[in-house]
There are 2 protein chains.
Amino acid sequence: MRGAQGDLLRLVATGHAESRAELARLSGLAASSVSLRVEELIGTGLLVEEGSGTSRGGRRPRRLRVSPTAGLLAVADLGAHHARLGLLDLSGTPLVVEERPCDIALGPEETLDWMAASFDELLLTHGPPGVPLRGVGTGIPGPVDPASGRVVSPSRMPGWNNFPVAEHLGARYDLPVLVENDANLMAVGEARAWPGCDNLMVLKAGSGIGCGVIVDGRLHRGRGAAGDISHVRVRTDSSVVCSCGHSDCLEAYASGAALMSALTEQGIALGRPADVVAAVNDGVPEATALVRSAGRLIGEVLTVLVNFLNPDAIVIGGSLSTAEPLISSIRAAVYERCLPLATRDLEIAVTRAGPDAALLGAGSLLLDAVLG
Amino acid sequence: MRGAQGDLLRLVATGHAESRAELARLSGLAASSVSLRVEELIGTGLLVEEGSGTSRGGRRPRRLRVSPTAGLLAVADLGAHHARLGLLDLSGTPLVVEERPCDIALGPEETLDWMAASFDELLLTHGPPGVPLRGVGTGIPGPVDPASGRVVSPSRMPGWNNFPVAEHLGARYDLPVLVENDANLMAVGEARAWPGCDNLMVLKAGSGIGCGVIVDGRLHRGRGAAGDISHVRVRTDSSVVCSCGHSDCLEAYASGAALMSALTEQGIALGRPADVVAAVNDGVPEATALVRSAGRLIGEVLTVLVNFLNPDAIVIGGSLSTAEPLISSIRAAVYERCLPLATRDLEIAVTRAGPDAALLGAGSLLLDAVLG
DNA sequence: CCGTCTTCCTTCGAAATCGAAGATAAACCG
DNA sequence: CGGTTTATCTTCGATTTCGAAGGAAGACGG
């Protein structure tokens with residue numbers, strides 16, 4: 001699976017190429033070499049030829065696909081109280097996705113064991129027999145050091161600090177293991193849904209506020225902590241001290257958790273961020289006003305970043321992203337205050353990849369590891 | 001100069017490789033293939049063998065250099081009232097650099113003609129005879145569309161809006177032509193002086209405030225306007241309307257132009273930003289106070305970007321960068337307010353490449369075009 | 001319906017690249 | 001000072017990759 005062969009397989013798996021001719025164009029190899037390699041890949045059962053594609057004026061291409069029996073990826077997206085778990089084939093297509101309640105406060109060992117048990121269960125019930133598991137990946141709602149696969153100073157994951165998640169999973173699975181921040185995975189997942197957009201900011205608005213950054217088509221990690229916008233100081237009348245020790249952090253005003261506690265103070269008790277959206281859709285004026293103000297604050301922070309990064313699109317996901325007032329007030333703030341040059345072709349939109357974005361992103365990154 | 005040969009030449013020219021062995025390691029080619037190519041490059045006179053390097057425990061490498069007769073690059077860095085002009089050899093080493101007064105307000109044609117005449121003069125007086133000019137590049141103190149080489153909505157370049165600078169130069173020189181924003185060029189120039197730092201923010205503090213961004217070792221352009229931080233809203237007591245139409249932009253408080261006009265109001269009239277630095281060094285308290293406050297404002301804007309981009313270093317250049325209070329107040333603001341995770345290994349330092357950073361950056365980018 | 005055009009894919013000799021083995025040259029060390 | 005180690009560079013047969021030419025399959029147009 002090494003070298004040129006991996007490249008070709010990757011191009012097919014990611015949907016960038018569907019025929020030998022496309023592979024030749026995209027890989028830069030000669031058409032003859034592509035044919036040779038593809039023949040080998042079909043021989044080893046990783047690729048299959050499946051009917052023919054649509055003609056572009058000449059002979060129809062013979063469509064190539066990654067074999068459904070080539071392997072499976074087990075991926076998860078851990079949240080504070082819920083996790084999404086799924087199985088993907090090597091082209092990143094989900095076979096099954098489930099959301100289950102869990103509690104990361106139980107600590108890393110227990111949570112990861114539960115995750116592994118859930119994977120085993122999914123494989124038993126939904127995994128086609130004989131298809132091998134080829135990689136395991138999970139998103140974490142906190143900072144992750146990409147090199148070591150450790151959780152680093154998470155703010156809301158008691159007991160996880162410095163825990164070697166990748167190592168722990170690696171001991172159980174003798175396979176490529178991926179551990180990455182959840183917003184980063186979301187960003188990678190969205191990136192595939194935004195072809196032609198090489199620079200993307202993906203905002204995850206849920207209990208917390210996360211952001212993943214795609215630069216030049218690839219996930220930008222910086223030194224590991226890139227994309228953090230939750231502890232930016234915002235301009236407000238009041239003054240709130242955030243858990244990070246500073247005052248007036250964005251997170252303290254605009255995160256799902258902050259909205260819920262503000263609503264509780266007003267006598268409206270809710271259980272999870274999605275309930276805030278429900279309240280907004282039910283026309284609860286307090287909820288709508290709070291969400292609007294959160295959107296404005298988020299938008300004001302984004303103006304700085306839009307001028308600086310000049311992305312093609314801002315994509316908003318997470319459980320709050322279905323609140324229309326949030327999106328429109330973010331849009332208003334960004335378009336009002338950013339440079340025309342930066343907003344001229346800027347799209348601000350909700351997630352295209354949907355709630356499985358992080359799982360798809362995990363699949364995408366795992367594929368690279370598997371085909372390394 | 002195409003393909004593998006260009007790659008090898010580039011590695012030597014950029015200083016990444018000095019011997020055949022290093023070339024083999026960095027290019028991924030087999031050592032034997034490298035030897036063949038290098039022999040050819042020496043044959044065509046582009047590369048020369050020059051003595052031997054220092055041993056790393058075994059046989060000493062035979063040091064390779066780009067031939068001084070391989071070609072010249074003519075580069076310029078246009079400012080509002082002064083331009084730096086220089087000739088570089090193909091390894092990006094300056095043969096001569098001069099600063100000359102000029103006035104971009106005369107419009108693009110006149111300014112560019114003056115630039116070309118200056119290049120001709122430099123070539124006559126300092127260019128070794130028989131060495132061909134291989135590329136021409138210039139930095140522009142305003143936004144440049146990288147694809148078309150046009151100036152786009154510059155704020156302080158009357159008559160330049162939408163002028164096709166690259167095309168104009170291309171008509172005069174039948175050579176690769178580079179036109180790029182000056183802060184971007186500075187960033188590229190600094191990047192070579194910061195090996196191992198793949199993510200860099202380079203601040204140009206002069207009459208205006210510019211910023212170039214290096215992500216993953218390469219210049220980040222976004223849609224063409226990336227790096228703009230001058231029109232970010234800052235938190236201040238007073239309220240000033242900026243030339244962009246919004247209020248309280250960073251540029252209106254912290255740029256060299258803003259500092260000069262503030263000092264003029266206090267009865268201290270100065271001619272150029274460097275005079276502000278002189279005033280600070282002379283212990284003029286008004287100047288020092290203003291520079292400190294400018295540094296704090298810049299630093300507060302940078303906190304957002306540091307959390308977001310998580311760079312390896314912030315490099316500060318431009319004529320104000322020699323004012324020590326500016327640097328220290330930027331440092332203080334960033335270290336105080338950023339996440340520990342983001343500042344743990346963050347370096348905040350003044351330019352290593354010096355006043356020629358933009359010229360060196362132009363050379364670096366031009367080399368890519370020449371060896372395309 | 002039949003020639004022409006376009007695109008896709010394969011065949012096969014030519015050329016580039018690899019990589020193992022050896023030659024060269026210097027540092028290290030008792 | 002001579003053997004040992006380490007690193008650089010070259011030689012040469014084996015392998016991979018290329019690319020021009022041609023075959024295959026369908027679109028297009030009269």
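In the text below, chain A, chain B and the rest are named by the order of the sequence lines, each starting its count at 1.
Side-chain N/O atoms of B:Arg62 include none lying less than 4.0 angstrom from OP1 or OP2 on C:dA25.
As judged by a 4.0 angstrom heavy-atom cut-off over every strand, B:Arg25 is placed among residues touching the sugar-phosphate backbone only. Contact annotation for A:Ser52: no contact, since no heavy-atom pair falls under 4.0 Å across all strands.
In summary, B:Arg221 and B:Glu180 engage in a salt bridge, as defined by a charged side-chain N under 4.0 Å from a carboxylate O. For the pair A:Arg65 and A:Glu18, the salt-bridge criterion is not met [side-chain N within less than 4.0 Å of a carboxylate O].
Of the candidates C:dT10, C:dC9, D:dT8, C:dT10 carries the atom nearest the A:Ser35 side chain, counting heavy atoms from C-beta on.
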Please test B:Leu185 against B:Leu178 for side-chain contact (heavy atoms from CB on, under 4.5 Å), starting from the C-alpha separation and ending with a verdict. CA-CA 10 Å; B:Leu185 289 187; B:Leu178 171 83; 4.1 Å; yes
Can A:Glu49 and A:Arg20 be said to form a salt bridge (charged side-chain N to carboxylate O under 4.0 Å, His left out), step by step? CA-CA 10 Å; A:Glu49 220 165 59; A:Arg20 292 166 175 77; 2.6 Å; yes
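The distance between atom CZ of A:Arg56 and atom C1' of C:dC9, rounded to the nearest whole Å, is 14 Å. Rounding to whole angstrom units, CZ of residue A:Arg20 and P of C:dC8 are separated by 12 Å. Rounded to an integer number of Å, the gap from CZ of B:Arg63 to C1' of D:dT8 is 15 Å. Rounded to an integer number of Å, the gap from CD of A:Glu49 to P of C:dC9 is 8 Å. The CD atom of A:Glu18 sits 14 Å away from the C1' atom of C:dC8 (whole-angstrom rounding). Across the protein-nucleic acid pair, A:Glu22 atom CD and C:dT7 atom P stand 13 Å apart, rounded to whole Å.
A pairwise comparison of heavy atoms in A:Leu23 and A:Ala17 identifies CD2-CB, 3.6 Å as the closest pair.
More than 12 heavy atoms of other residues, nucleotides or ligands sit less than 6.0 Å from atom CD of B:Glu39.
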For every nucleotide of nucleotides 15-30 of chain D, 5' to 3': is a protein heavy atom under 4.0 Å from its base (B), only from its sugar-phosphate (S), or from neither (-)? --SBB---BBBBS---
